[in-house]
Structures are given as C-alpha cells and as structure tokens.
Colleague: 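A single structure is presented below for examination.
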Amino acid sequence: MSRYDPAAIEPKWQAAWEEAQTFKAVRSDDKPKYYVLEMFPYPSGRIHIGHVRNYTMGDVIARYKLSNGFNVLHPMGFDAFGMPAENAAMASGGHPKDWTYSNIETMVGQMKPLGFGLDWSRMFATCDPEYYGQQQALFLDFLEKGLVYRKNAVVNWDPVDMTVLANEQVIDGKGWRSGAEVERRELTQWFFKISDYSAELLEALDGLDDWPAKVKLMQANWIGQSRGLQFAFSTVDGPSGFDRIEVYTTRPDTLMGASFVGISPDHPLARALERESEDVAEFCARARKGGTTEEALEKAEKLGFDTGITVRHPFDTAWELPVYIANFILMDYGTGAIFGCPAHDQRDLDFARKYDLPVLSTFVPLSGEHALPEDSGIAYVPPKSEKVRWTRAFDWTEEATGDEAIEAAIGFCEKNGVGQGVTKFRLRDWGLSRQRYWGCPIPVVHCAACGVVPEKKENLPVRLPDDVTFDVPGNPLDRHPTWRDCTCPKCGAPAKRETDTMDTFVDSSWYFARFTAPHAATPTDMAEAEYWMNVDQYIGGIEHAILHLLYSRFFARAMNICGHLPAKSREPFDALFTQGMVTHAIYQTKDANGRPVYHYPEDVELRDGKGFLKDGTEVEIIPSAKMSKSKNNVVDPVKIIETYGADTARWFVLSDSPPERDVEWTAAGAEAANRHLGRVWRLCAEIAESDAPSTNEDEPLLREMHKAIHDVTMGVDSFGFNAAIAKLYAFTNALSKSRAGADAKRQAARVLAQLMSPMTPHLAEDCWQMLGGEGLIANAPWPKADPAMLVEDTVVLPIQVNGKRRGEIEVPRDLSKEEVEKRVLTHEAVVKLLEGGQPKKLIVVPGRIVNVVV
RNA sequence: GCCCGCGUGGUGGAAUGGUAGACACAGGGGACUUAAAAUCCCCAGCCCCUGGUGGCGUGCGAGUUCGAGUCUCGCCGCGGGCACCA
C-alpha cells in the first residue's frame with residue numbers, strides 16, 4: 001500500500017479547487033451569503049506562524065459555511081503602507097515600493113501552498129494607487145460632510161534629526177537614532193471628528209451580541225463617558241485676558257479639598273506667561289521634554305512651576321489657590337486645566353507633598369482605622385459606590401456614596417451659579433496626518449489666495465512620486481524638487497500640495513468594504529456592499545481590540561453618511577473573534593550605547609535554560625512576548641510546510657491551544673500531528689479496500705459517528721477548534737479499533753473525512769476520493785447528526801458524600817428522582833458513611849450527579 | 001501609572017456551578033524485528049502505602065454554595081492596549 005504523501009496530494013487538490021473555482025465568491029439569489037474575514041497582514045516579508053493560525057481559523061469557518069450551503073466571501077489583501085518599508089529603504093537603500101511589492105509576492109507564494117479557500121481574484125494592497133485613490137475620494141467626501149478638520153496637536157520631535165518620531169521610535173524619552181531627548185511639539189494636523197460619535201459608538205456596543213465582552217468593555221472604557229462639572233476659577237490679578245481659568249472635573253465632590261490649580265504647559269495662560277518670563281519659558285521647555293504617550297506622561301516625574309498667580313475658591317472668595325504649570329496635564333484633555341485635591345488623588349497628593357501644598361480630606365471611611373493622607377502619603381480613593389462620611393461637603397448629608405455626592409455637588413454648583421454638570425468623553429479626535437512618505441497622500445492643496453483647497457476628484461489618485469531618497473531623515477515629499485508644485489483647483493494659481501500622508505489606520509478602516517467590490521470606480525459598489533456586507537465573522541488579534549476596531553466602526557458610519565455603505569453596515573462586523581497571539585521568547589543583547597539588539601531564534605543556542613550566540617555571547621531571554629518583526633522573534637512556518645505539508649501545519653496550529661488564548665510556540669509536536677494524519681490516511685485506504693460483512697458492532701460505530709458529527713459541529717460553530725480536534729482523535733481511535741463491517745466503516749470514514757475537511761482539506765479530499773465520495777468534499781453537504789443516535793439508555797451517576805466522590809451507580813436515563821434516591825441510599829459507600837443515620841439532605845441532579853449530605 | 005485579560009500534571013490543554021486532568025506531546029514498559037525505523041498494545045497528577053472505601057491537589061489567601069478550576073473579594077505573577085508599530 002502506498003503512503004500518505006502530502007507533497008503529492010496537496011498541489012493536486014489545490015489545482016482541482018482552482019479549476020472548479022470552488023472559492024470564487026459569486027453573488028446569487030438562491031443562497032444565503034457568508035462573509036468571513038481575517039485581519040489582513042502587514043507585508044513584513046515572511047508569513048509567520050501567527051498568520052498561519054489566524055488564516056487557518058478563518059479558512060475552517062469559510063469551508064464549513066461553504067459545506068452548509070452559503071455563498072462564501074473569503075478574501076485576502078495586504079495592509080501595505082507603513083514605517084517598516086521606509087526603515088528598510090533607509091537601512092539598505094532600496095525603495096519602499098519595491099520592498100513592499102516584493103514582500104507581498106513572497107508572502108503570497110508562502111500562503112498559496114497552505115491551501116486556504118480564498119478568492120484570490122479580489123486581492124489588493126492598500127498601497128495600490130487604485131485603492132488609495134478611492135481612499136482619497138473618501139477623504140474628500142468626509143471633508144465635504146464636515147467629518148475632517150485641521151487643528152494643532154503635539155508630536156514627538158527629534159531636535160537633532162529635525163523629524164517627527166513615532167511613539168515606537170521613542171525609547172526612554174530619547175530618539176531611536178539620534179539618542180536626543182525628544183520634545184513635544186505642536187503641528188497643524190488633519191483630524192477625523194470621531195468624537196462627534198462618542199455616544200453612538202458607546203451605545204451601539206450593546207447591540208454587538210457576538211463580540212467578546214472584554215473587547216466591548218475595553219472600547220467602552222476607551223470612549224470613557226464621564227459625568228462631571230465644568231466651571232471657572234476667577235484669577236486674582238491674572239494677566240489681562242485671563243481673568244478666568246476654565247476647568248473640568250469628574251470629582252466636584254472634592255472641590256472643598258482643592259489645594260491648587262494645574263495648567264498644561266500648552267495652556268494659553270502658560271503660553272502668555274512664557275513670553276513674559278524666562279523662568280516660565282525654561283520650565284515649559286523642560287516640561288515639554290519626553291514622549292507624547294499617556295504612559296510616558298503618567299510615569300514621568302511630576303513637575304510643577306508656581307506661576308505666582310492665584311485663583312479664588314468659588315465657594316470662599318477669601319480662599320486663594322496657587323496656579324501651577326504642570327507637565328502631566330495635556331492640552332488635548334478637557335480644558336487643559338485641573339484643580340488638584342491631594343487627599344483623594346494619588347498623583348495630586350504626590351504633587352502636593354513635593355511642593356508643600358495643603359492636604360484637606362473631604363471624606364473619611366464610615367468606620368475603622370484611617371490614616372489621613374497627609375500623614376500616610378496614601379490618597380484615600382474608595383470606589384465611588386462606597387458610602388463614606390463627609391467632613392468637608394457643600395450641603396449633602398453626612399453619609400453618602402461618592403456617586404451620590406458627585407450628583408449633589410453638581411446640583412449645588414448649578415444652583416449657585418458655579419458651572420454646570422456636563423457629560424464628557426475621553427475619546428479624542430483621530431489625528432490622521434503623518435509626516436512620512438510611505439502612506440496615502442492627503443488630497444488637498446495649499447493656495448496662497450484660497451487657503452486649503454480639496455483636490456478635484458477627477459485628479460485622483462494623487463500619486464506618490466517614485467523618485468525619492470531616504471538618505472536623510474525627514475519626509476522625502478517635503479524636499480522633492482517638483483512633486484509639491486500644482487495649480488489651485490479653485491483659482492488656477494500656482495499652489496503647493498499637502499505633503500502629509502495618512503495614518504495607516506485609515507487604510508485598514510475600510511478595506512473590508514472594498515473587498516466587496518475591489519475594482520469599482522467608486523470606493524464601494526452599493527449593490528455589492530448591500531449583498532456581501534456585513535462581515536459575518538471577523539477574526540483577528542486581541543491587540544486590535546481598541547484602535548483598529550473603533551476606527552473601523554467610525555469609518556463605517558462616515559461611509560454610510562457619504563452613501564458608500566448601507567445603513568445596516570454602520571456596525572460592519574456582526575461577529576468578532578479575537579484569537580490569542582503566538583508568542584515566542586525574545587533574545588536580546590545590548591549595543592555599545594546600551595540600546596537593545598534582537599537576535600533570531602535560529603541564531604541562538606539554548607543550554608541549561610540560558611541562550612548563547614554562535615560566538616559564545618550570552619543573550620538575555622525575555623519569555624513569551626508578542627511576535628514582532630522588530631523584535632526578531634518571529635517563527636517561520638515554511639520549514640514545517642516543506643517537511644510535513646500544509647495539512648500538518650494547519651492541524652497543528654488548531655490543535656491543543658484554545659484559539660482565543662496566547663500560545664507559546666514550540667517546534668515539538670508538528671511531527672506527532674503528521675503521524676496522526678498519516679494514520680488517518682492509511683485507515684481510510686484500508687477501509688476503502690475492505691469487504692468485511694456487517695457485524696453487531698456496526699451500530700456502536702455509527703453511534704460514535706453521530707456523536708462525532710454533533711461534537712465537531714458544535715466545536716466549529718463555537719470556535720472550539722482544539723476541542724473539535726480532540727473529538728476527531730477519539731473518533732479516529734474508535735474507528736480504528738472497531739470490528740464493524742465494511743459498509744459501516746466506509747460510512748464512518750467518509751464522515752471522518754468530512755469532519756476533518758475544514759482543517760485538513762487536502763487529506764480529506766484524498767480520503768473522500770478513495771472512499772468513493774462524489775465530487776469534491778469541499779462541495780459536499782455537511783453531515784447531520786441523528787438525534788436518536790445520540791442518546792444513551794443508561795447513565796452513570798457519580799455519588800458524592802459531602803461533596804466528595806465516593807462511588808457511582810448506573811441507572812436508566814429517565815429513572816425518577818425518587819427511585820434514584822432509593823438506590824443511592826442502599827449504595828455500599830453511602831450506607832457505610834451514614835452509619836445507620838439519616839442523610840441531612842439529598843441532592844439529585846438528573847443525569848448528572850447525586851450529593852448526600854450527612 | 002491606567003484599562004482589559006490570563007494562571008489546571010513534566011508539557012499543550014479538557015471540564016453548561018456537578019466524577020478535575022478528556023484528547024494529545026514528551027516519558028516509561030511491552031509486542032513485532034537479526035537490529036533499527038515504522039506500526040501496534042499497556043502505564044502514567046502529587047504524597048503515603050504491602051494492600052486504600054487513604055491524604056493532598058486547578059498561582060496564593062479568604063468568602064458564597066449541598067457542591068467552586070468555574071461565582072465574589074483581596075493579593076502575587078505573566079501578557080495585551082495606552083491614541084504616530086501594525
């Protein structure tokens with residue numbers, strides 16, 4: 001008998017699918033549609049094992065839905081703009097375009113042998129002018145509807161390289177290349193008005209029944225609806241034009257504990273003082289050092305500068321509070337000014353102790369020991385739902401929860417004309433400008449006479465120039481000799497193009513819609529979008545839980561407003577599954593400047609839990625980190641495919657680990673998966689040739705078969721791929737040991753092939769053919785379990801005594817509770833433990849368990 | 001620092017609040033073989049023990065419950081996100 005030979009059968013069946021156009025998505029009215037999408041990859045150059053896991057999951061769903069009679073749309077593309085292409089150009093002198101397209105070619109070449117049921121005819125890359133031209137058209141439509149605007153915002157500025165840095169390029173507050181201390185600098189940038197949709201994006205989460213609760217929670221927290229008080233302090237002898245400082249607080253109940261006012265270094269008042277005083281200017285320059293991330297701001301040493309200006313407390317005009325400029329207050333949040341209540345905020349307390357400011361408690365616990373914050377150095381911040389005793393309040397009762405006090409404080413302030421209660425959101429508008437080359441050009445023109453003018457749609461796409469260099473830092477579009485030159489679309493005078501390009505999140509915020517009509521002359525084709533949208537099942541990494549998904553939800557709304565998507569697609573993803581990441585240790589050493597250098601796993605030899613390079617240098621091992629190109633800890637699946645075949649790789653990434661959980665990659669186990677597939681192949685080949693007569697073991701085998709259909713179907717439906725595979729192992733074992741006749745075995749083996757076909761499609765086709773199945777297994781209807789074959793006549797009930805298992809009895813499945821109780825009480829172990837007494841309680845859970853309480 | 005997860009044998013993991021460890025990997029033993037490979041069969045949480053109807057056991061500590069891996073609270077450890085990595 002011949003052997004399982006994936007190298008021979010895999011190309012064969014891929015050619016068969018190609019010829020039959022099995023996976024081409026076709027619109028037709030006779031069938032329901034199903035759109036399954038995995039988050040498209042960045043073309044880093046090689047696929048890694050995380051991709052294989054991600055796309056295999058999607059493929060299982062796609063093939064399963066095809067077998068269930070759906071028209072399936074399962075496309076693939078590339079998220080192709082972004083920094084790594086420019087970094088590669090800087091490092092090795094090529095062009096980002098060449099680097100990107102060559103990477104795409106390589107990756108497609110690596111993906112095709114995996115046998116994914118994809119409609120490759122719909123493939124595109126976001127750096128295709130055809131795609132980004134339509135993205136520019138969307139931008140112009142958004143601009144017309146008032147969904148885009150310009151304002152100032154801070155960026156990371158490298159003062160040595162004279163360039164804007166991404167957060168990733170800021171390491172410990174310093175530029176990654178120059179090592180210079182990074183500054184926060186303001187630039188005029190384009191923004192999407194996502195904040196207008198804060199309330200809607202928050203409320204609509206409730207309707208996303210098939211999204212993971214944790215993702216909805218993360219998004220809700222990110223949007224961050226808060227109820228608070230906005231009011232103004234009046235200044236004592238403030239500079240002219242600054243007689244008021246507007247603040248927003250979510251804790252107005254602590255206003256009587258205020259001890260200072262803090263303003264951002266970019267607050268208009270700070271700006272004004274900066275012009276007057278060198279000391280202030282010096283402080284503000286220092287306060288602007290460091291990166292822009294929230295994390296950097298939170299962790300940075302809190303610095304303040306006493307402006308000498310004071311404000312009056314709104315409820316006691318004799319009470320004056322100092323105004324500090326503070327580095328941890330960002331102009332982008334709220335009003336750029338806060339009041340500090342050290343007793344009930346740790347950051348404010350740290351600040352107060354540093355600058356010797358008073359600490360006034362406004363409430364204390366109802367009972368128990370309480371060290372006052374001014375003594376302990378620990379702010380008292382109980383949950384807002386907890387009742388506390390108020391010691392410095394306005395007019396509410398002595399005992400109240402934080403929530404009650406906040407509402408009371410807002411009411412009191414409104415009644416006394418001090419500000420008003422407002423609902424605010426944490427979500428900020430989405431800054432889309434990037435000072436980089438390899439992105440979608442923002443299609444506007446700057447005209448001396450007309451100002452900012454949108455490019456005409458007939459002139460789209462505004463193409464990136466090819467003749468650029470990356471030998472010096474900065475945006476090549478800025479220094480291109482001619483690219484900027486154009487005429488004003490409005491007045492025809494000579495004008496200059498915008499040189500900023502779009503954030504790559506824009507590219508990935510609508511690709512799912514473009515897949516429904518990838519070559520339409522408009523961003524979408526409404527008839528196609530109407531049919532294929534929404535994405536029925538979206539699959540991707542948990543790392544995209546907030547930004548990508550939130551931006552896409554906003555884009556879908558904006559596209560609906562502009563007539564590019566139907567109203568039903570305002571929420572574009574009906575169901576979401578977040579797969580866990582494939583992690584791998586990072587191996588790092590430090591260079592002469594103390595900056596990390598990352599090494600590939602294949603360059604590291606492991607001995608006694610320590611890692612060494614070939615030259616003997618020991619490397620630091622950082623366990624279990626997200627696989628990331630920049631950390632060199634990616635695992636290449638190509639070798640596994642070459643050695644064992646695609647089906648082994650697919651089977652292996654689905655087995656063992658639950659899909660939503662992170663999995664630490666280990667090479668061991670691929671061989672075992674391969675052995676099992678070989679066993680299935682041999683078993684099918686053997687059964688195909690058997691002519692054994694029927695036996696009384698036929699029925700037990702068929703019962704096992706129906707159980708397998710039921711369990712595997714449930715597993716696939718609920719993304720329990722690892723559980724489904726465990727059932728398939730069990731069913732294979734049962735089939736292999738069964739002494740049933742050839743007909744029953746053939747029937748069972750065909751079902752085994754079908755149940756395996758979404759996971760190991762090539763092997764399944766081959767077995768199907770050997771077993772005399774008709775046509776392609778990919779098109780065969782999914783088997784159905786017969787409910788009558790699933791029920792057993794008797795059940796085994798474990799008997800617990802006081803919650804501990806002490807025995808078991810076998811009873812007819814539908815034996816009455818009373819009868820079960822009677823039999824349990826005669827059970828040897830129970831009789832012994834009862835010692836002649838009566839049980840205190842007897843709990844019978846029908847079909848599950850019995851618990852005797854003595 | 002803030003938000004969200006995760007933690008079960010040597011390993012990956014299974015388990016609608018109901019027999020903890022299914023299924024597999026690695027390991028041990030055996031069959032077949034001149035031998036090996038391949039294949040097949042058996043064993044296997046930890047501890048004590050000749051034997052069990054024994055003790056312990058799901059990161060740690062409490063709690064709710066007839067019953068907790070699962071629910072609640074508090075810790076510890078690890079991971080993801082924090083708006084310019086994608």
Side-chain angles (χ1 to χ4, degrees), chain A residues 3 39 41-42 44 79 81-84 155-156 164-170 212-215 217-222 224 291-300 328 332 346-347 426-436 503-505 507-508 541-548 550-551 578 580-581 583 623-626 628-630 655-658 660-664 666 668-669 671-673 675-676 678-679 682 720 722-723 725-730 733 736 796-800 802-808 828-829 832-833 839-843 845 848-853:
Chain A
R3 294 169 56 91
M39 291 179 185
Y42 179 79
S44 57
D79 188 13
F81 276 135
M83 290 201 314
V155 294
N156 301 305
V164 177
L165 298 180
N167 287 333
E168 189 190 45
Q169 297 170 320
V170 179
K214 65 176 169 184
V215 173
L217 189 56
M218 280 190 260
Q219 293 221 350
N221 288 339
W222 186 263
T292 56
T293 66
E294 198 169 314
E295 186 187 1
L297 290 169
E298 288 284 344
K299 285 184 174 167
F328 54 87
D332 290 357
Q346 191 61 45
R347 188 182 63 186
R426 202 184 79 100
L427 180 64
R428 310 198 300 259
D429 279 332
W430 170 13
L432 67 116
S433 301
R434 296 293 180 269
Q435 296 70 42
R436 277 184 250 290
D503 177 11
T504 56
F505 271 122
D507 312 336
S508 56
I542 185 68
E543 67 270 28
H544 295 293
I546 298 175
L547 293 179
H548 162 63
L550 193 61
Y551 290 157
T578 52
M581 283 171 300
T583 60
S624 284
K626 172 172 97 162
S628 157
K629 183 101 166 65
S630 62
S655 59
D656 288 353
S657 288
E660 69 278 9
R661 205 183 295 184
D662 289 352
V663 47
E664 172 79 16
T666 55
E671 194 177 323
R675 271 205 305 271
H676 178 73
R679 190 166 156 236
R682 277 196 312 279
N722 56 325
I725 282 181
K727 301 293 181 194
L728 286 167
Y729 269 108
N733 289 341
S736 152
V796 175
L797 289 183
I799 299 171
Q800 292 183 332
N802 290 339
K804 272 198 189 304
R805 184 176 182 275
R806 297 292 173 178
E808 58 183 38
E828 192 190 353
K832 202 162 186 182
L833 283 152
K840 227 188 253 170
K841 208 168 173 184
L842 192 55
I843 294 142
V845 185
R848 302 294 295 190
I849 202 164
V850 181
N851 193 9
V852 186
V853 186

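Below, read A as the first sequence line, B as the second, and so on, with proteins coming before strands; counting in each chain starts at 1. Reckoned from all heavy atoms, side chains included, excluding hydrogens, waters and symmetry mates.
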Colleague: Under 4.0 Å, heavy atoms only, any strand: does A/His544 hit a base, just the sugar-phosphate, or nothing?
Modeller: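 Result for A/His544 = base.
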
Colleague: Report the residue (A/Lys841 or A/Ala673) whose heavy-atom-nearest nucleotide on RNA chain B is the more 5′ of the two.
Modeller: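 Taking each residue's closest nucleotide, the earlier one in sequence belongs to A/Ala673.
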
Colleague: Using a cut-off of 4.0 Å on non-hydrogen atoms, how would the nucleic acid contact of A/Trp222 be classed: base, sugar-phosphate, or nothing?
Modeller: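 Result for A/Trp222 = base.
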
Colleague: What orientation do A/His676 and A/Tyr729 show, parallel under 30°, tilted 30 to 60°, or perpendicular over 60°?
Modeller: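 The rings of A/His676 and A/Tyr729 sit tilted, inter-plane angle from 30° to 60°.
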
Colleague: Is there a donor N/O on one and an acceptor N/O on the other, under 3.5 Å, for the side chain of A/Gln435 and the base of B/rC84?
Modeller: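 Flag set: donor-acceptor pair detected.
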
Colleague: If I pick the C1' atom on B/rG57 and the same atom on B/rC46, what distance separates them, to the nearest angstrom?
Modeller: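 My reading of the C1' atoms in B/rC46 and B/rG57 gives 7 Å.
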
Colleague: With a non-hydrogen cut-off below 4.0 angstrom, is A/Gln346 in contact with a base, only sugar-phosphate, or nothing?
Modeller: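 Here A/Gln346 touches no strand at all.
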
Colleague: If you write RNA chain B from 5' to 3' in dot-bracket form, with Watson-Crick or G-U pairs under 3.5 Å, [ ] for crossing pairs and | for pairs with another strand, what do you get?
Modeller: (((((((..(((.....[....))).(((((.......))))).((((...).)))..(((((..]....))))))))))))....

Colleague: Quick one: which of B/rU39, B/rG13, B/rC84 gets closest to the side chain of A/Asn156?
Modeller: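 In terms of side-chain proximity for A/Asn156, the closest of B/rU39, B/rG13, B/rC84 is B/rC84.
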
Colleague: Categorize A/Leu427 for me: base, sugar-phosphate, or nothing, with a 4.0 angstrom heavy-atom threshold over every strand shown.
Modeller: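 The answer is base, as A/Leu427 lies within the cut-off (heavy atoms under 4.0 Å) of a base atom.
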
Colleague: Which is true for A/Lys299 with a 4.0 Å heavy-atom rule: it touches a base, it touches only sugar-phosphate, or it touches nothing?
Modeller: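 A/Lys299: base contact, heavy atoms under 4.0 Å.
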
Colleague: Kindly say whether, by distance alone, the side chain of A/Glu294 makes a donor-acceptor pair under 3.5 Å with the base of B/rC82?
Modeller: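 A donor-acceptor contact between them is absent.
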
Colleague: Looking only at atom C1', what distance separates B/rG10 and B/rU19, rounded to whole Å?
Modeller: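 It works out to 25 Å between them.
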
Colleague: Checking understanding here: a glycosidic angle within 90° of 0 is syn, the rest anti, so what is B/rG7?
Modeller: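 Glycosidic conformation of B/rG7: anti.
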
Colleague: For A/Val852, which contact category applies under a 4.0 Å heavy-atom criterion: base, sugar-phosphate, or nothing?
Modeller: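 Answer is nothing: A/Val852 stays at 4.0 Å or more from every strand.
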
Colleague: Can you tell me, in whole Å, how much space there is between the C1' of B/rU58 and that of B/rU11?
Modeller: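 Straight-line distance between the two C1' atoms is 16 Å.
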
Colleague: With a 4.0 Å limit, can you tell me whether A/Arg434 has a side-chain N or O closer than that to the phosphate oxygens OP1/OP2 of B/rC84?
Modeller: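 Checking A/Arg434 against B/rC84: at least one side-chain N or O falls below 4.0 Å of OP1 or OP2.
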
Colleague: Respond yes when some side-chain nitrogen or oxygen of A/Asn722 is under 4.0 Å from OP1 or OP2 of B/rG13, and no when none is.
Modeller: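 No.
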
Colleague: For A/Gly431, answer base if it contacts any base atom (sugar-phosphate contacts may also be present), sugar-phosphate if it contacts only those atoms, and nothing otherwise; contact means non-hydrogen atoms under 4.0 Å.
Modeller: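 It contacts sugar-phosphate atoms only.
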
Colleague: For A/Val850, which contact category applies under a 4.0 Å heavy-atom criterion: base, sugar-phosphate, or nothing?
Modeller: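 Nothing, no nucleic acid heavy atom in range.
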
